[in-house]
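Chain naming here is simple, since letters A, B, ... match the order of the sequence lines and numbering starts at 1 in each.
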2 protein chains.
Amino acid sequence: MAVDRERILRAAAALLTRKATATTDEVAKAAGISRATLHRQFAGRDALIRALEALGLQQLESALDAARLDEDSASEAVRRLIAEVEPVAGFLAFLVTENQLFETDAMNEGWTRIDDRISALFRRGQESGEFRIDLSPAWLTEALYGLVGSGAWAVQDGRVAAKDFQFMIVELLLGGVRRSVGK
Amino acid sequence: MAVDRERILRAAAALLTRKATATTDEVAKAAGISRATLHRQFAGRDALIRALEALGLQQLESALDAARLDEDSASEAVRRLIAEVEPVAGFLAFLVTENQLFETDAMNEGWTRIDDRISALFRRGQESGEFRIDLSPAWLTEALYGLVGSGAWAVQDGRVAAKDFQFMIVELLLGGVRRSVGK
DNA sequence: CCCGGATGAGACAAAAATGTCTCATCCGGG
DNA sequence: CCCGGATGAGACATTTTTGTCTCATCCGGG
């Protein structure tokens, strides 16, 4: 029976996000498998990290696809984006905090592509007049990563209810981005 | 001549934030000193991390003091908070991402105290009617950490101009928090 | 100029983590 | 029931990192 690699990677991401120096032994324990099996699935620590990056990027891209960022109003698209990203928040938090570890070209390219798509969404919102224009798309993209990461961490840590994850992020982000009457 | 311990710690925080697995050799190089000297200042990797935590917490507390969180409107206090926190943003980013490494009581207590003070600020804003009440103070505190971390990272990475750091964070955070007319 | 404290470079051993392998056991399908 | 693939436990060697020490050098003050 093939081991569920994705489940292992999820556990690894969760652990490594809050303790990046965890040993392969600890990762294996966190995933509920032995070090031997972990090593059979991923040939070494590097390979594990790479797989983590690859799966994270892939899932993020899928989330962007599913969110249909260029349909409806930009605000609605942002809502969909957060909703789609929620299940992948653990991976995103890992990618954001650890992405300097291995600067492979493939990694960098995938990350740039995602950045661009999200930036484009914010730019669309600005051009349509929905969003204020004094905050750069690049910053808003970065801020979104930060908020999603914080949200994932707060939920995992029990400081915030999981069901509020989406609401809190969307409200804070959109409320800040949206051009409002009061200054 | 005594080595500038704080300068070393700043360099260490900057490096460890984006590469938590860096060896003491790499940390020393990043700080521009030899491993021997690094070890003379901080007896081992653990001691270095502890010092990093201690100094970070202390500087954060100082920033909170300087920001006079309970004066003026809550919005103004938030502005001052971000302004005071900016020079310490590197430490904050490190603390937020790596704080699960060593769960010493002292560490946890210091962190809790800071959480409480910032939460209290947001609560004050809600009770005075300045801030919307459907986002919990705990979440807003967490979000502030995330935004400051993202901001510090974006600046360090050149994606955002250093002079915009404060403006962008304050605007996004306050704009989102502030009770606005347009829903 | 000379001295003393501090540093950098590097050797070295100890400790920790990793990669590799063996073997007993488990578990599901035939 | 029996078999084969997969797993867990653990031994072992290798590599990496850390901690410790020595020594030459630098540099500023007296």
Side-chain angles (χ1 to χ4, degrees), chain A residues 1-56 90-91 93-95 97-104 106-107, chain B residues 1-56 91 94-95 97-104 106-107:
Chain A
M1 181 201 323
V3 170
D4 186 346
R5 288 170 59 102
E6 181 173 327
R7 195 187 55 74
I8 296 177
L9 289 178
R10 281 188 181 277
L15 174 60
L16 292 174
T17 297
R18 64 174 210 275
K19 184 175 179 181
T21 58
T23 66
T24 53
D25 228 349
E26 294 174 294
V27 172
K29 271 197 187 63
I33 61 178
S34 72
R35 195 164 70 96
T37 299
L38 177 63
H39 203 275
R40 282 178 193 117
Q41 293 296 320
F42 306 96
R45 193 175 214 282
D46 283 21
L48 174 68
I49 305 290
R50 308 283 182 129
L52 225 32
E53 294 175 341
L55 180 61
F91 284 119
F94 174 79
L95 289 174
T97 58
E98 307 296 321
N99 66 359
Q100 296 287 62
L101 259 175
F102 298 94
E103 289 191 334
T104 65
M107 170 71 186
Chain B
M1 182 200 322
V3 170
D4 187 347
R5 287 170 60 102
E6 181 172 327
R7 194 186 56 74
I8 296 177
L9 289 178
R10 281 188 182 280
L15 174 60
L16 292 174
T17 297
R18 64 174 209 278
K19 183 173 179 181
T21 58
T23 66
T24 54
D25 228 350
E26 294 173 294
V27 173
K29 271 196 188 64
I33 61 179
S34 71
R35 195 165 70 96
T37 299
L38 177 63
H39 203 274
R40 282 179 193 115
Q41 293 295 322
F42 306 97
R45 192 174 216 283
D46 283 22
L48 174 68
I49 304 290
R50 308 285 181 129
L52 224 33
E53 294 174 340
L55 180 60
F91 284 119
F94 174 79
L95 289 174
T97 57
E98 306 296 319
N99 68 359
Q100 296 285 63
L101 260 176
F102 296 94
E103 289 191 333
T104 65
M107 170 71 186

Produce a footprint string for nucleotides 16-23 of chain D: one letter per nucleotide, 5' end first; B if the base is under 4.0 Å from any protein heavy atom, S if only the sugar-phosphate is, - if neither. -SBBB-B-

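In this structure, CD1 of Ile33(A) is placed 17 Å from P of dC27(C), rounded to the nearest angstrom. The interatomic distance linking Lys29(B) (NZ) with dG8(C) (P) rounds to 12 Å, in whole Å. Rounded to whole Å, the distance from CD on Gln41(A) to P on dT7(D) is 6 Å. In this structure, Asp4(B) places its CG atom 11 Å from P of dT7(C), rounding to the nearest Å.
At the phosphate of dT7(C), neither OP1 nor OP2 sits under 4.0 Å from any side-chain N or O atom of Ser34(B).
Proximity of Thr24(B) to Leu48(B): side-chain heavy atoms (C-beta onward) are nowhere separated by under 4.5 Å.
Taking Ala31(B) as the reference, Ile8(B), Ala11(B), Ile33(B) meet the side-chain contact (heavy atoms from CB on, under 4.5 Å) condition, with sequence neighbours excluded. In this view, Ala36(A) and Ser34(A), Arg40(A) satisfy the side-chain contact (heavy atoms from CB on, under 4.5 Å) rule, not counting sequence neighbours. Residues passing the side-chain contact (heavy atoms from CB on, under 4.5 Å) test with Ala51(A), sequence neighbours excluded: Leu9(A), Phe42(A).
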Residues Glu53(A), Phe91(A); criterion side chain to side chain contact (heavy atoms under 4.5 Å, CB included); working and verdict: CA-CA 8 Å; Glu53(A) 294 175 341; Phe91(A) 284 119; over 6 Å; no

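Judged as a salt bridge (charged side-chain N to carboxylate O under 4.0 Å, His left out), the pairs with a partner in residues 20-36 of chain B (not counting sequence neighbours) are, in order, Lys19(B)-Glu26(B).
Of all heavy-atom pairs spanning Val27(B) and Ala12(B), the tightest one is CG1-CB, 3.8 Å.
Put simply, the side chain of Arg5(B) gets close to the backbone of Gln41(B): a donor and an acceptor are under 3.5 Å apart.
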For DNA chain D, what string of dots and brackets results from 5' to 3' when Watson-Crick and G-U pairs need both distances under 3.5 Å, crossing pairs get [ ], and pairs with another strand get |? ||||||||||||||||||||||||||||||

